[in-house]
There are 2 protein chains.
Amino acid sequence: MSQFFWPLFSQNVKNLNKHAVLDLIRFTPGGISRAELALRMELSRAAMTAIVNDLLENDVVRETESRNGQSGRPPIILEINSKRGYVVGIDMGASHLTVALADFSAQVLDEVEIPFDITQGPEPCLAQAEALLFELIEKNDLSLDRIQAIGLGVPGPIVSEPGIVLAPPIMPGWDGYPIRQALERKWGRPISLNNDAELGVLGEWAYGAGRGESDLAFIKVGSGIGAGLLLNGQIYHGATGSAGEIGHLTIDENGPLCDCGNAGCLEALAGGKAIARQAREAVMKGQRTLLSNMGPVEELSARDVAAAARRGDLVSQQIIARAGTYLGIAIAGLINIFNPRMVIVGGGVSQIGDLLLQPIRDIVHRRSLPAAAQTVKINTAVLRRRSSSMGAVVRALSIALHQVAEQKEAK
Amino acid sequence: MSQFFWPLFSQNVKNLNKHAVLDLIRFTPGGISRAELALRMELSRAAMTAIVNDLLENDVVRETESRNGQSGRPPIILEINSKRGYVVGIDMGASHLTVALADFSAQVLDEVEIPFDITQGPEPCLAQAEALLFELIEKNDLSLDRIQAIGLGVPGPIVSEPGIVLAPPIMPGWDGYPIRQALERKWGRPISLNNDAELGVLGEWAYGAGRGESDLAFIKVGSGIGAGLLLNGQIYHGATGSAGEIGHLTIDENGPLCDCGNAGCLEALAGGKAIARQAREAVMKGQRTLLSNMGPVEELSARDVAAAARRGDLVSQQIIARAGTYLGIAIAGLINIFNPRMVIVGGGVSQIGDLLLQPIRDIVHRRSLPAAAQTVKINTAVLRRRSSSMGAVVRALSIALHQVAEQKEAK
DNA sequence: ATTGTTTGTCAAGTCTTCTAACAATGTATC
DNA sequence: GATACATTGTTAGAAGACTTGACAAACAAT
């Protein structure tokens, strides 16, 4: 069942199969032959010849060497023509900004990342993104018109049709700002605007830990906490775009206050900010910990806690284990509700590794229904900090490839 | 976007549009004309004429009187030919068994319900269902071969392909029993086996409170508690069929033991059994309550508590309010994760009404993200205790109608 | 060299849908 | 009541996508 990505612009659904074939080619690692395409799509080889010729004419797809199989005529392997064009994926986090340049086969050619503050509001933030984008383009001897499409991820709930964020808890000043419209007007390129956690699940599904899974949750643990959901092979983002906002699940009604106004939200207990806060508190309380020797107390970050924990610091390990426990409670609930086949923990904090993952696994096995808990795999993101930016690249390519494939008489 | 029900048997997806049209007709109340069908499906009127003629030849669809519109030729309204055949929907609860007979337009012609105990295991339970089925058929001067398909709902996670339940918490003895195979062999009719909460959301979506919504949660509060999820217009049941099992979310780690082995599950705090238990405890503790006068203490049920609460009994009202609060906690989490447009509370206990609904609404508005909480509507099931059996009828019709529509040269 | 196997292509026919014109059947207007 | 107008439904011809069945191409095994 190939319900990939084409229904992005669902008008002109005439040659549906052409686009399904295109998606099957792009998401099959190592390429695929006409015969196998025909098999997988349940079409005749003759029909596949016609469809593939169409794609070859448009130069989106190219033939590579034949691969020697077991016996019989060796198949001609098809793959995306990587040189046909370029796309850019932008990942705006709360505290970092990443811009990645990729070719049509999703190979990242270059990448820039800078520290960042999303609370500055839309105009300065988008200006920074623009600066970084142009820097990247020029460094690689390209120009904006060679970029076929751009994917942008932001940490808030998206209303996709108008291209805005709606009441984002950690993006003050952005509510209702016409992000997509502004960028399309400025840059003159098609933009795909998405939630960063959604992009994370997309990236990991396409090129990471969740390859080929159709029911997948991606937990992004950074400064804040959010989840991206892939259900039935489709990204799910709910009625108003705020599905997966697990950061504001109430875990402990008597817990610390959260930025969203409620008390005891997961984010306030286990997010990067919360971890940093606990580290500062530990130092100020005078506990014996390596954290005391890691620079000024006010600048202690989750990254420092991770480093100290890895070096055997008990206090840091406790902080992380506690965060893992709270995460586990939320993930156990998510598993009971959604029953995914895999949960991928990503985002900056996740790079701590097993120290964070183990308490999650423990709690999940203790709290979730056996039927669901036994089948679910809980892993760290393979793409590490790149999950979301790769997801942005995937979205950009979804636009670029299908747009190019639509062109009539391209040559 | 019409992603209705056809991909049930997805082979032979040649005349996809025919089946999409059929579904559009069956789920449009009051019927629909060729012209509007063409509009909604983005097909030409000419194509629609051909498709509809096909359906008319097979006698699945019939023309009714023309409806006088504003001006121009009045449209000919099409509707499902209700007399073309019959289906049966069976709803097996933990403590009740309902069998409903419906015609092709989903009108329920007759219905039988008996008290029931699902813990008896598959053979006796299915025998009871069979007895009730035959009783219903004979009472209505029909025979089994006039029934085109049968939908069956059970309160456990379904693996649909082999037609079994997997490790169901409240169905001891049923694990792995080949339910669908056994019934298809016995009755010789196609069977659709589904989870009861899934059927609930289906029923309410088709003919109840959630008509036309594409993101919908149905919370079934009976002896146990489960949720059915409709996401992106499709039923979602997860990797292993146990999506929506919110009954075993841990709400209070120090709470009472649950049948599933864990402590403080929602079901053990707010399910029908839990409500009955709290009623018994109140009476035994000697509290002043109407519950003392409602028969033997051991037989007090959730229904009695509801009745007493409605008559102003404070103790009963407190029990119900507390159950509503626990439910609200779970539903608030579900709303944060899944951001539906509507949550429908159904099942036996839900008929208590606002006494239960109000605490749910309060907690949700307190705990959920404002963006999600403001858009979500929380209502009681319109079909009352019939949500699931109507869902079973819908499934049966999905098989029956499309099967009949496939027949070539039916006349 | 021959046989067998699998891939890719070609030609003819089928099926679905579209366009464009037209017939049918009502309301609104004079 | 006759006429104009609007909307629905049908018909005919053409375009496009896919299928079947035959066949050529390119390799491995014998």
Side-chain angles (χ1 to χ4, degrees), chain A residues 2 6 10-22 24-25 28 31-58 61-79 405-406 408-409, chain B residues 2 6 10-22 24-25 28 30-58 61-79 405-409:
Chain A
S2 57
W6 174 234
S10 73
Q11 91 266 62
N12 208 351
V13 195
K14 299 311 141 199
N15 31 20
L16 193 79
N17 277 339
K18 181 161 93 177
H19 296 284
V21 167
L22 184 59
L24 204 41
I25 294 175
T28 306
I32 187 171
S33 70
R34 291 171 176 80
E36 205 188 325
L37 281 170
L39 214 69
R40 297 259 295 256
M41 301 229 5
E42 299 179 44
L43 290 180
S44 67
R45 294 202 308 275
M48 199 47 70
T49 295
I51 293 174
V52 167
N53 280 345
D54 219 69
L55 294 172
L56 286 172
E57 260 176 38
N58 275 340
V61 162
R62 71 178 164 207
E63 298 183 332
T64 61
E65 89 298 347
S66 321
R67 185 182 295 159
N68 47 339
Q70 23 295 36
S71 91
R73 172 175 174 175
I76 305 170
I77 302 301
L78 300 164
E79 60 177 27
E406 269 302 283
K408 291 284 166 191
E409 311 296 305
Chain B
S2 56
W6 175 235
S10 73
Q11 90 268 62
N12 207 349
V13 194
K14 298 313 138 197
N15 31 21
L16 194 78
N17 277 339
K18 182 162 93 176
H19 296 283
V21 167
L22 183 59
L24 204 42
I25 294 174
T28 305
I32 187 171
S33 70
R34 292 170 176 81
E36 205 187 326
L37 281 171
L39 214 70
R40 297 259 294 257
M41 301 231 4
E42 299 179 46
L43 289 181
S44 68
R45 295 202 308 274
M48 199 48 69
T49 295
I51 294 173
V52 167
N53 280 345
D54 220 67
L55 294 172
L56 285 173
E57 259 176 38
N58 275 339
V61 161
R62 68 179 168 208
E63 298 183 331
T64 61
E65 88 297 348
S66 321
R67 184 182 296 158
N68 46 338
Q70 25 289 42
S71 92
R73 173 174 172 175
I76 304 170
I77 303 301
L78 301 164
E79 61 176 27
E406 269 302 283
Q407 290 165 14
K408 292 282 165 193
E409 312 296 307

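Reminder, nothing fancy here: chain letters follow the sequence lines and each chain counts from 1. Hydrogens, waters and symmetry mates play no part in the numbers below; they use all other heavy atoms, side chains included.
Under the side-chain contact (heavy atoms from CB on, under 4.5 Å) criterion, A/E36 pairs with A/I32, A/S33, A/R40, sequence neighbours left out. Evaluation of the side-chain contact (heavy atoms from CB on, under 4.5 Å) rule for B/R45 yields B/A35, B/A38 as partners, not counting sequence neighbours.
C/dC18 atom C1' lies 15 Å from atom CG of A/N15, rounded to whole Å. In this entry the distance linking CE of A/M48 with C1' of D/dA17 reads 12 Å, nearest Å. When the P atom of C/dT16 is taken as reference, atom NE2 of B/H19 falls 10 Å away, rounded to whole Å. As a whole-Å value, the separation of B/L43 CG from D/dG16 P is 18 Å. Put simply, CG on B/N53 is 16 Å from P on C/dC15, counting in whole angstrom units. Atom CG of B/L16 is separated from atom C1' of C/dT17 by 14 Å (rounded to the nearest Å). D/dC18 atom P lies 11 Å from atom NZ of A/K18, rounded to whole Å.
For C/dT17, the OP1/OP2 oxygens have a side-chain nitrogen or oxygen of B/N17 closer than 4.0 Å.
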Hey, mind stepping through B/V21 and B/M41 against side chain to side chain contact (heavy atoms under 4.5 Å, CB included) and telling me if it holds? CA-CA 8 Å; B/V21 167; B/M41 301 231 4; 3.6 Å; yes
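A donor-acceptor pair is defined here as one N or O able to donate and one able to accept, closer than 3.5 Å; such a pair exists between the side chain of B/K18 and the backbone of B/A405.
Residue contacts for B/A46: at a heavy-atom cut-off of 4.0 Å it reaches a base atom on one of the strands shown.
Rounded to the nearest 0.5 Å, atoms CD1 (A/I25) and CZ (A/R62) are 12.0 Å apart. Here A/T49 contributes atom OG1 and A/D54 contributes atom CG; the two are 12.0 Å apart, rounded to the nearest 0.5 Å.
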Nucleotide N/O to protein N/O under 3.5 Å, stretch nucleotides 6-9 of chain D:
unit_1 : atom_1 : unit_2 : atom_2 : d
D/dT7  : O2     : B/R73  : N      : 2.8
D/dT8  : O4'    : B/R73  : O      : 3.4
D/dT8  : O2     : B/R73  : NH1    : 2.9
D/dG9  : OP1    : B/I76  : N      : 2.6
D/dG9  : OP1    : B/I76  : O      : 3.3
D/dG9  : OP2    : B/R34  : N      : 3.3
D/dG9  : OP2    : B/A35  : N      : 2.7
D/dG9  : N7     : B/R45  : NE     : 3.0
D/dG9  : N7     : B/R45  : NH2    : 3.3
D/dG9  : O6     : B/R45  : NH2    : 2.9

